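When reading the values below, keep in mind they use all heavy atoms of this one structure, side chains included, and skip hydrogens, waters and symmetry mates. Predicted model only: the values in this text are computed from it and were never measured. Counting from 1, the numbers follow the sequence of the chain as shown.
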Amino acid sequence: MSDRFYGAVRFPAWATKFLPKDAEDCCLELEPGSKVSCFEEEEARNGKPWLVAELDRLGIPYDLESSEYFEYKAEKTYFRFRAGGKSEDLVVTDGDELVEAKDIISMIDKGNNLAAIRRWCQDRLDQIAPLTPPLEEITEADYLEWVTNKAHVWQNNLQRLVNGEKVNYLYEPAEAPILSDDGAAHQYNGKAGLCFFREIPFGRLVRAEALDEADHVFQSAQFMLLERRQVCAFLDLDDALANDSDMFALAEAIKGRLDSLVGGAI
């Protein structure tokens, strides 16, 4: 049985200018009377169109919807950026809004009145309500402000890490991460450093020779392939500091090499 089935993603129309050139060749549709673009894929892997990876990388807000397919239930995914360079996502599976009769009976048996049962039901609905604000209300200026704030958070937390302070999270400068822990502080082979990730598009092959070449160019970093079609670069902070490297410039250069490995901008 295939793991490819229908998926559609909606995102603000202004975001098209930030997408890679490959997106210009796909059929993006502007919803009638709306400021929202839509991209559909009939055979998207796990119901997630390939364009979603680019939206995740850039931190562009979106609503994703996939259809029911054999054992796969229909899903809706909402992604929004938040204050302080953070982001939030919510996945709602078809049927999450249903309440089992035994739960209601249990509440009645415990002496809950109708008002209490109603509050409980409303709380469940609130937990799966679509994230706000609606896509139509999110402006390009809001997005650019978030990107700027994210860069400041990354710079401040990196400096704290360099100073020996404990940092719970660390963001990449100037862009949102592909994965939630991209640019985060990691321990690898007993060394403290930063990890950056990129998702490898289907049809793209990253050869071992290319990783070896990247390792040679960036002496303080190690490039490696991960499961689930990802490539990672680990930046050894101690080694980079010992070589008096410009940490911010080095991180940007490493990300640029990762982009080139997966076929993005060089």
Would you call Glu88 and Arg82 a salt bridge, taking side-chain N to carboxylate O under 4.0 Å as the test?
yes
Using atom types as modelled and distance alone, determine if a side-chain donor or acceptor of Trp146 lies under 3.5 Å from a backbone N or O of Gly59.
no
Salt-bridge contact Glu199-Arg57 (side-chain N to carboxylate O under 4.0 Å)
no
With the threshold set at 4.0 Å, does a side-chain nitrogen-carboxylate oxygen contact exist between Asp63 and Lys76?
no
Should the ring pair Tyr143 and Phe81 be called parallel, tilted or perpendicular, given that the plane angle runs from 0 to 90° and is split at 30 and 60?
tilted
Asn113 side-chain N/O to Ala115 backbone N/O, donor-acceptor pair under 3.5 Å
yes
Output for pair (Ile60 CD1, Leu51 CG), nearest 0.5 Å, gives 8.5 Å
Using a strict threshold of under 4.0 Å (side-chain N to carboxylate O), is an ion pair present between Lys48 and Glu75?
no
Quick one: does Leu58's side chain get under 4.5 Å of Leu19's, heavy atoms only?
yes
Before giving the answer on side-chain contact (heavy atoms from CB on, under 4.5 Å), spell out for Leu235 and Leu250 the whole-Å C-alpha distance, their side-chain angles and the decisive distance to 0.1 Å.
CA-CA 9 Å; Leu235 172 58; Leu250 182 57; 3.5 Å; yes
May I ask you to check if Arg80 and Phe11 form a cation-pi contact, with NZ or CZ under 6.0 angstrom from the six-membered ring centre and within 45° of the axis?
no
Side chains of residues 213-221: which donor-acceptor pairs under 3.5 Å do they make with residues two or more places apart or in other chains?
unit_1	atom_1	unit_2	atom_2	d
Asp215	OD1	Phe223	N	2.7
Gln219	NE2	His216	O	2.5
Ser220	OG	Asp239	OD2	2.9

Would you say the side chains of Tyr6 and Glu41 form a donor-acceptor pair under 3.5 Å?
no
